Peer 1: 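Have a look at this one before I ask anything.
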Protein chains: 2
Amino acid sequence: MGSDDDLPTVVARMWGREPASRRGPRPGLTLRRITDAAIAIADAEGLAGVRMSSVAARLDVSTMSLYGYVTSKDDLLTAMVDAAAPDPPEPGTLAWRDYLTRWTRAHRDFLAAHPWLLEVSPLTPPVGPRTLRWLDRALTVLGGAGLGGAEAVNIASTLSAYAVSAATLQTAMSGTVDEAGPEGPAGYTALLARLVDPGGYPGLAAAIESGAFGAAPDWVEDADFTFGLTLLLDGIEALIARRRRSAGPGARRRP
Amino acid sequence: MGSDDDLPTVVARMWGREPASRRGPRPGLTLRRITDAAIAIADAEGLAGVRMSSVAARLDVSTMSLYGYVTSKDDLLTAMVDAAAPDPPEPGTLAWRDYLTRWTRAHRDFLAAHPWLLEVSPLTPPVGPRTLRWLDRALTVLGGAGLGGAEAVNIASTLSAYAVSAATLQTAMSGTVDEAGPEGPAGYTALLARLVDPGGYPGLAAAIESGAFGAAPDWVEDADFTFGLTLLLDGIEALIARRRRSAGPGARRRP
DNA sequence: GGGATACAGTGTATAACGTACGGAATTACA
DNA sequence: TGTAATTCCGTACGTTATACACTGTATCCC
């Protein structure tokens, strides 16, 4: 690990490498305190409520003082994403399948707890200690099961995407996001019913009629989640078996 | 399908129900022409280049005239998402598995062709004729295979999420999005190498060393895509078999 | 045919927000 | 003690979305 100087400043601070300043007044803030404030606002009012001014106000400092810790609002968002993530569950002695189940569920849970993450996170690759630790734990466990390299990264991304998808669905259904539709989630079903004609959209019309879009209570949502996750894990299990059979520590073959 | 009056205006127009105006000058624009212009800008300059003013300029009209067709910029974005989606592949006589393979691949492809979709789309549930047609075709095919209701919707979402995940990865790797890191995708690997210590992040460190994050040429990316998709489809296939065995047209049991 | 009327398009004005810049206060080191 | 680094702050500016009032035009009704 080289010198920290040429790292993007926020990234450095996210990793706890705050510059040891010698002269001048003591810094009155921490990146951590700033992100905490911003997260509190986002949780309460949604991402739209997060303004440089509102964050500063909550900390009783001027707007501009924040720019000593982040170089832009985008930086702040990046730091928020990492700070909002809890520590991932630790593998312990769990079998890979049990662990990944936990991992994915916990992933979904913290996304659902901070819905605004869904508006920011997906684009940018992880750069903070927390988000990278999530990735690491998944890779570690997959490594223990005999999968590595790009393959493992791919699987981790897919599981992560599944968590995002589940959290999105869940959030949309509970209508927490800005009351998206005219009258929330029930409004969405109603809207679809008005728009969709069975001629052009036979499958969709059937699904609507079967109530598949109805607001789902939590336990149903969770059954659906487990169900889809099982699909994924079954596939992974098959792959692991195949790898175990075909090779020792050999690399993956490619055309 | 009821009267169109109380539909959100943009939604109505997305579905081709432009109001048949009787008096006054003919509208000089179409929602379609507006979204096309906006999409062209987004493709060329990224989502940030899409301003009400820039879109209007490209159409040689004043900024404010757009507000006759959309009630806000958010509306415009919603309409763009739908307009940017091509028609989904038609099932024809394909087996469900072949069709869903095509479907998912085509999904990923159009997302990758318009990377800005990844910044907008995931939040909002589909409301336009194109995006809903995508959903419909998946549901139709799944229905033919014996799956319906919430289960089928779930599977479709999962496949869609997988396409998003693949497109995101692909875009991040080719560094098309704003040159995200300091020096693009190679910069990301370098950054990770500098931050991650093998003690705290064993799995991640191993993956980095194995070059799993290296920029991947297209064909490798595609192999990875097919690979992950196979996992999913295997899971679905197992489910279909189970359903076929256990029941006729009966409903899904729940506690 | 001649108004009245509704409606498309425009210009100007406003408000919100991010952020550049320069100054003042503060602390460590020479 | 003075000097330099460094923090925080006030003000100012530019960008962007959008409200409002106005102008012109094409249809409807008489």
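All figures in this text were calculated on a predicted structure; none of them were measured in a lab. Quick note: numbers below take in every heavy atom, side chains included, and nothing from hydrogens, waters or symmetry partners. Within every chain, numbering begins at 1; the chains are lettered A, B, ... in the order of the sequence lines, protein sequences first and strands thereafter.
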Peer 1: If you assign Arg51(A) and Gly68(B) each to the DNA chain C nucleotide with the nearest heavy atom, which residue ends up on the more 5' nucleotide?
Peer 2: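 Its nearest nucleotide lies further toward 5', so the answer is Gly68(B).
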Peer 1: For Met52(B) and dT10(C), give me the distance from atom CE to atom P, rounded to whole Å.
Peer 2: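 Value for this atom pair: 13 Å.
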Peer 1: Taking the six-membered ring of Phe225(B) as reference, does the cationic atom of Arg108(B) (NZ for Lys, CZ for Arg) lie under 6.0 Å from its centre and within 45° of its axis?
Peer 2: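 Ring-cation test returns yes.
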Peer 1: Under the side-chain contact (heavy atoms from CB on, under 4.5 Å) criterion, do Leu159(B) and His107(B) qualify, and how do the steps go?
Peer 2: CA-CA 9 Å; Leu159(B) 289 176; His107(B) 199 334; over 6 Å; no
Peer 1: Checking all strands, does Met64(B) fall into the base, sugar-phosphate, or nothing category for heavy-atom contacts under 4.0 angstrom?
Peer 2: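 Answer is base: heavy atoms of Met64(B) come under 4.0 Å of a base.
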Peer 1: Which nucleotide wins on minimum distance to the side chain of Ser62(B), given the candidates dC9(D), dA17(D), dG11(C)?
Peer 2: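 Taking heavy atoms from C-beta onward, the closest nucleotide is dG11(C).
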Peer 1: For a quick check under 3.5 Å, do Asp87(B) and Trp134(B) share a side-chain donor-acceptor pair by atom type?
Peer 2: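 Result is no, nothing qualifies.
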Peer 1: How long is the gap from CG on Leu111(B) to OG1 on Thr171(B), to the nearest 0.5 Å?
Peer 2: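 Here the rounded value is 8.0 Å.
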Peer 1: Quick one, Asp43(B) with Trp116(B), criterion side-chain contact (heavy atoms from CB on, under 4.5 Å). Give me CA distance, side-chain angles, the key distance, then yes/no.
Peer 2: CA-CA 7 Å; Asp43(B) 286 340; Trp116(B) 50 268; 2.7 Å; yes
Peer 1: Is Tyr69(A) near enough to dC8(D) that one of its side-chain N or O atoms lies under 4.0 angstrom from OP1 or OP2?
Peer 2: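 Yes, such a contact exists.
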Peer 1: Given atom CG of Leu66(A) and atom P of dC17(C), what is their separation to the nearest angstrom?
Peer 2: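 My rounded result for the distance is 15 Å.
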Peer 1: Looking only at the side chain of Pro25(A) (C-beta and beyond, no hydrogens), which of the listed nucleotides dG11(C), dC17(C), dA25(C) gets closest?
Peer 2: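 Between dG11(C), dC17(C), dA25(C), the one nearest the side chain of Pro25(A) would be dA25(C).
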Peer 1: Rounded to whole Å, how long is the line connecting atom OH of Tyr67(A) with atom C1' of dC17(C)?
Peer 2: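 For the pair Tyr67(A) OH and dC17(C) C1', the rounded distance is 9 Å.
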Peer 1: Counting only side-chain nitrogens and oxygens, does Arg26(B) get under 4.0 Å of the OP1 or OP2 atom of dG9(C)?
Peer 2: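 No, no such contact exists.
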Peer 1: How long is the span from the CE atom in Met80(B) to the CG atom in Leu47(B), to the nearest 0.5 Å?
Peer 2: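 Answer rounded to 0.5 Å: 6.0 Å.
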Peer 1: Give a yes/no on whether any side-chain N or O of Ser65(A) is located under 4.0 angstrom from OP1 or OP2 of dC9(D).
Peer 2: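 Yes.
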Peer 1: Do any side-chain nitrogens or oxygens of Arg23(B) fall under 4.0 Å of OP1 or OP2 in dA26(D)?
Peer 2: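 For Arg23(B), the contact criterion (side-chain N or O under 4.0 Å from OP1 or OP2 of dA26(D)) is not met.
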Peer 1: Could you tell me whether a side-chain N or O of Ser160(A) sits under 3.5 Å from a main-chain N or O of Ala156(A), the two making a donor and an acceptor?
Peer 2: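 Flag not set: sc Ser160(A) to bb Ala156(A) has no pair under 3.5 Å.
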Peer 1: Got a sec? Which of residues 72-80 of chain B come in under 4.0 Å of DNA chain D, heavy atoms?
Peer 2: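 Result for residues 72-80 of chain B: Ser72(B), Lys73(B), sorted by number.
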